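Working notes for the structure below.
Keep in mind that the numbers below use all heavy atoms, side chains included, and drop hydrogens, waters and symmetry copies. Counting starts at 1 for both ligands and their atoms, in listed order. Keep in mind the model is a prediction, meaning the values are calculated, not measured.
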Amino acid sequence: MPSARRPTDLTDVVVIGGGPAGSAAATLLADQGWSVRLFERDRFPREHVGESLLPASLPILDALGVLPAVQQAGFIEKYGATMVWGTDAEPWSWYFRETNPEHPHAYQVWRPTFDKLLLDNAAKHGVDVREEHRVIDVSFGPPGAELHVVTSSGVELDVKARFVVDASGQNGLIAHKLNLRQNDDYFQNLGIYAYFEDAAHLDPPDDGNIFIESYPEGWIWMIPLSGGRTSVGAVVDSRAGQTAIQDQGLAEFFQSQLAQAPRASALLTDAHRYDGPHVVRDWSYVAEPLIGEAHILVGDAACFVDPLFSSGVHLALSSAMLGAAFVTTALRNPGMAAPASEVYAELYMQQYRHFRELARLFYASNRSVDSYFWEARKILEDDASTPREAFIRAVAGQPPQGYERVVLQRGDAPPAFAADVRALEEERERRSAWWDQSLAVTATRQALYEITPRRGAEVEVVPKPILEGGEFVWGRVLVTPNRREGTPVSSLIERLLELCDGQRPLREILGLLIEGRDGEESEQILSASMTAFKILFIDGAIGGIEENAETTR
Ligand code: FAD
C-alpha cells in the first residue's frame, strides 16, 4: 500500500518508547513545560517480562504522580526475597524492612498493566502519546534531530525535535545506529520464562516474595502475580542453553530446567503453564557515550544488567529522572550541557556498576551447587577488576541496600573481598563508638572541644552540577577518597571543612560557625555541626581527632 509522508512541526522533545523509562522521562519533561511527543511502536497494554520491583522506585513513582494508581492496582506486595543460594541448601529470606524502614515493600507488577498506568500518566501530564508509531530512523543536525516514523497502518511521518530521548529498551535504536553497544563478557546468559496459573506460594510471611532457586545449570525465578498468575523463568548459560534448546526444543528444555529445582517444582505441582515459554537473550551491555549532541539514552536503551536483583525497572526510572533533568538543562541552559552530561553518565553508571558488581559477587558466592555454570562464574582472587575499591566502600558502611549484606552473610564471598569490607566496617564502628563515648562524659567532652581537627588529604569541596528542581544547576559537592563522585554539601559544611585546618580547636570552630546568630538558630547550627563532625570523622574526611584528643586529655 503506498504510504503518505506527512511532515510535522518542531517538538521540543521526542521520546522513543513508552516503557517505564520513556513514560517517566516524558512525564517529567512535560512537567517542566516542554512540548513532548512519545512514539511507542506497540499498543498498550503490551506484554513485557520484568515484574519484580524494588522499594527504591517508589519515591520516583511518587514524583511522577502515579504512586497512588500503582498502590490501588491490586499488585502483590513484595516484602523481600527468598532464596536457595550461597552456602546453605535450605531456603532463607530477607526483607526490605531490615534496610529500608521507610519503604518496607515494593510490588510484583503485571507489566502490561503497570506500563500502561505509567504511559497513561504521561498523557495526563500533557505528553502527546502516539501508540503504534514505530521510529524507523533518527538523523541529527540543526535544529536537533529528525525522526522517521511509521504507523501500524503504514502512514509515514517526518518529525523534527530539538532533543531525542531514546527509551527504546533492548531494541536500542540509536545505540545500534551509532554502534555504541558493548556486551559484557561476564554475563552471557539466556532467560527462558513462562506464565503459570495456580502455582502454590511460599508460606506467609514470604508469600509475596520473589523466590530464587539456584540449581546446577543456573537459577530459577518465581514471581507471584495478582489474579493467580506466576511468572517463572530460568537463567542459564547462553551458549549451553542455545545448544540445548536446538537439540531438545524450547518447551522440553524449559521443563528440564524446572525439574532440576526441587522447590520450584514442588510449588508448580498443581500449576499449568498458560503462556510461553519465551526466550530472551539477557546479555548485559552498556552503550556509551550515553549522551550525544541532541540525544540521550535512558533505561535498557542505555544499559542492561543481569536480572538477578530485579534492578531493571528501577534503573529505567532513575535514569529517566536524571535524563529528563539533563534534557531540561541542555534546552534551557546550553552552556551547562557538557558538565551536566558528565554528571548524568557518572550517576547512572555508578548505579549500573554497583548492581553489576553485586551480581558478579552473588554469582561467585554461590556454593550450594557445584557445576560448570557456577564454576565459570567464580571471581578469582587475582582478578584485578574485583573486588573493586569503590564497590567495597559502597558495601561497607554506606546505608545498606539489602542484598549487599545478604551476600556477605549467606554467600561464600571471595575472602579478600569479605576481609576488606569487614576491616572498613570495623574501623567505622570503632570511630563511631569512640565519638559517642567522648561526648558521653564531661571530662572527655571537654577534651574533645580542645582537639584541632584537620581536613583529610584529598578531601575538597568543588563546584559540580547537582539536581535541583528537575534540572542540573551548579552546586558544591564534597569529594572524599570514599566518595569520589561527590556529595552535595551545604555552605555550613563547606565552611566547617575550611575551618578544619589542624590549628583551630573544635571549640573555636564551633564559635566561628555560630558567630552573629541568636539563641535558637545557634543551637541548631551547633547540633548540625556536631552531627556533621561525627559523620566526617567516621568517613575519614576529618583527621587528627583521636590522636589529638589523647594529648588534650
Ligand atoms: P522497555 O520496558 O523494554 O520499553 C521499551 C519500549 O520501547 C517498548 O514498549 C517498545 O515497544 C518500545 N520501542 C522499541 N523500539 C521502538 C521504536 N523503534 N519505536 C517506538 N517504540 C519502540 N526488571 C525488573 O525491575 N524486575 C525484574 O524482575 C526483571 N526481570 C527481568 C527478567 C529478564 C529475563 C529480563 C531480560 C529483564 C528483566 N528485567 C527486570 C528488566 C526490565 O524488564 C527492563 O529493565 C525494563 O523493562 C526497562 O525499561 P525500559 O523502559 O528501558 O524498556
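For the residues Trp221, Phe114, Phe44, Phe39, the heavy atom positioned nearest atom 34 (C) of ligand 1 is part of Trp221. The heavy atom nearest to atom 31 (C) of ligand 1, out of those in Ser284, Pro307, Gly18, is found in Pro307. Remark: among candidates Val49, Val305, Val279, Leu118, the nearest residue to atom 33 (C) of ligand 1 is Val49, based on non-hydrogen atoms. In this comparison of Glu132, Arg134, Arg41, the heavy atom closest to atom 13 (N) of ligand 1 sits on Arg41.
Close approach to Gly169 involves these atoms of ligand 1, each under 4.0 Å from a residue heavy atom: 3 (O), 5 (C), 53 (O). Those atoms of ligand 1 with a heavy atom of Arg46 less than 4.0 angstrom away are 2 (O), 4 (O), 8 (C), 9 (O). The Arg111 neighbourhood of ligand 1 comprises atoms 2 (O), 42 (C), 43 (O), 46 (C), 47 (O), with distances under 4.0 Å to a heavy atom of that residue. Applying the 4.0 Å criterion to heavy atoms of Asp42 picks out, from ligand 1, the atoms 11 (O). Interface of Val280 with ligand 1, defined as ligand atoms under 4.0 Å from a residue heavy atom, comprises 34 (C), 36 (C). Less than 4.0 angstrom separates some heavy atom of Phe304 from each of these atoms of ligand 1: 35 (C), 36 (C), 37 (C), 41 (C). Set against the non-hydrogen atoms of Gly19, the atoms of ligand 1 under 4.0 Å away are 2 (O), 4 (O), 6 (C), 51 (O). Within ligand 1, counting atoms from 1 as listed, the ones closer than 4.0 Å to a heavy atom of Ile16 are 17 (C), 19 (N), 20 (C).
Taking distance alone, with nitrogen or oxygen atoms compared against 3.5 Å, Ala21 approaches ligand 1 more closely than that limit. Among the atoms of Asp115, none of the N or O lies under 3.5 angstrom from an N or O of ligand 1.
Residue Asp300 touches ligand 1 through backbone and side chain together, judged by heavy-atom distances below 4.0 Å. Counting heavy atoms closer than 4.0 Å to ligand 1, residue Glu51 contributes backbone atoms (N, CA, C, O) but none from C-beta onward. Only the backbone of Ala167 comes within contact range of ligand 1, with a heavy atom under 4.0 Å; no side-chain atom does. The backbone and the side chain of Pro20 each have at least one atom closer than 4.0 Å to an atom of ligand 1 (non-hydrogen atoms only). Under 4.0 Å from ligand 1, heavy atoms of Val313 appear from its side chain as well as its backbone. Neither the backbone nor the side chain of Ile136 comes within contact range of ligand 1; no heavy atom lies under 4.0 Å.
Looking only at atom types and distance, the side chain of Glu471 has no donor-acceptor partner in the side chain of Gln32 under 3.5 Å away. For the residue pair Asp166 / His295, no side-chain donor-acceptor distance below 3.5 Å is found, with atom types taken as modelled. Side chains of Trp110 and Tyr195: a donor-acceptor N/O pair is absent below 3.5 angstrom, by distance only. Remark: the Glu252 side chain and the Ser256 side chain contain no N/O donor-acceptor pair separated by less than 3.5 Å. Counted by atom type alone, Ser152 and Glu132 present one or more donor-acceptor pairs between their side chains at under 3.5 Å. Tyr79 and Glu77 are linked by a side-chain donor-acceptor pair at a separation below 3.5 angstrom, with hydrogens and angles left out of the test.
Note: Tyr107 and Phe114 fail the aromatic proximity criterion, with ring centroids not under 6.0 Å apart. Ring centroid separation for the pair Tyr352 and Tyr348 does not come in under the 6.0 Å cut-off.
Annotation for Asn179: atom CG does not count as buried by contact number, only 12 or fewer foreign heavy atoms lying within 6.0 Å. Heavy atoms of other residues, nucleotides or ligands lying less than 6.0 angstrom from CD of Gln182 number 12 at most.
Looking only at protein heavy atoms, the nearest one to atom 26 (N) of ligand 1 is Ser52 O, 2.7 Å. From the protein, the heavy atom lying nearest to atom 12 (C) of ligand 1 is Glu40 OE1, 3.2 Å. Ranking protein heavy atoms by distance to atom 16 (C) of ligand 1, first place goes to Asn171 ND2, 3.8 Å. Of all protein heavy atoms, the one lying nearest to atom 1 (P) of ligand 1 is His48 NE2, 3.4 Å. Shortest contact from atom 7 (O) of ligand 1 to any protein heavy atom: Gly17 CA, 3.3 Å. Atom 29 (C) of ligand 1 has its closest protein heavy atom at Gly50 CA, 3.1 Å. The shortest contact between atom 18 (N) of ligand 1 and any protein heavy atom is with Val135 O, 3.0 Å. Of all protein heavy atoms, the one lying nearest to atom 14 (C) of ligand 1 is Ser168 O, 3.2 Å.
A distance-only check finds a donor-acceptor pair linking the side chain of Asn209 to the backbone of Gly80 [under 3.5 Å]. Remark: side-chain polar atoms of Ser52 are not paired, donor with acceptor, to backbone N or O of Ile210 under 3.5 angstrom.
Note that Arg263 lies outside the cation-pi zone of Phe211, set by a 6.0 Å cut-off to the ring centre and a 45° limit from the axis.
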Pairs under 3.5 angstrom only: tabulate donor-acceptor contacts from the side chains of residues 223-232 to other protein residues two or more places apart or in another chain.
unit_1: Arg229; atom_1: NE; unit_2: Ser226; atom_2: O; d: 3.4
unit_1: Ser231; atom_1: OG; unit_2: Glu51; atom_2: OE1; d: 3.1
unit_1: Ser231; atom_1: OG; unit_2: Trp221; atom_2: NE1; d: 2.9

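With sequence neighbours left out, the side-chain contact (heavy atoms from CB on, under 4.5 Å) criterion links Ala56 to His314.
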### Full working for side chain to side chain contact (heavy atoms under 4.5 Å, CB included) between Asn171 and Ile16
CA-CA 11 Å; Asn171 211 27; Ile16 310 171; over 6 Å; no
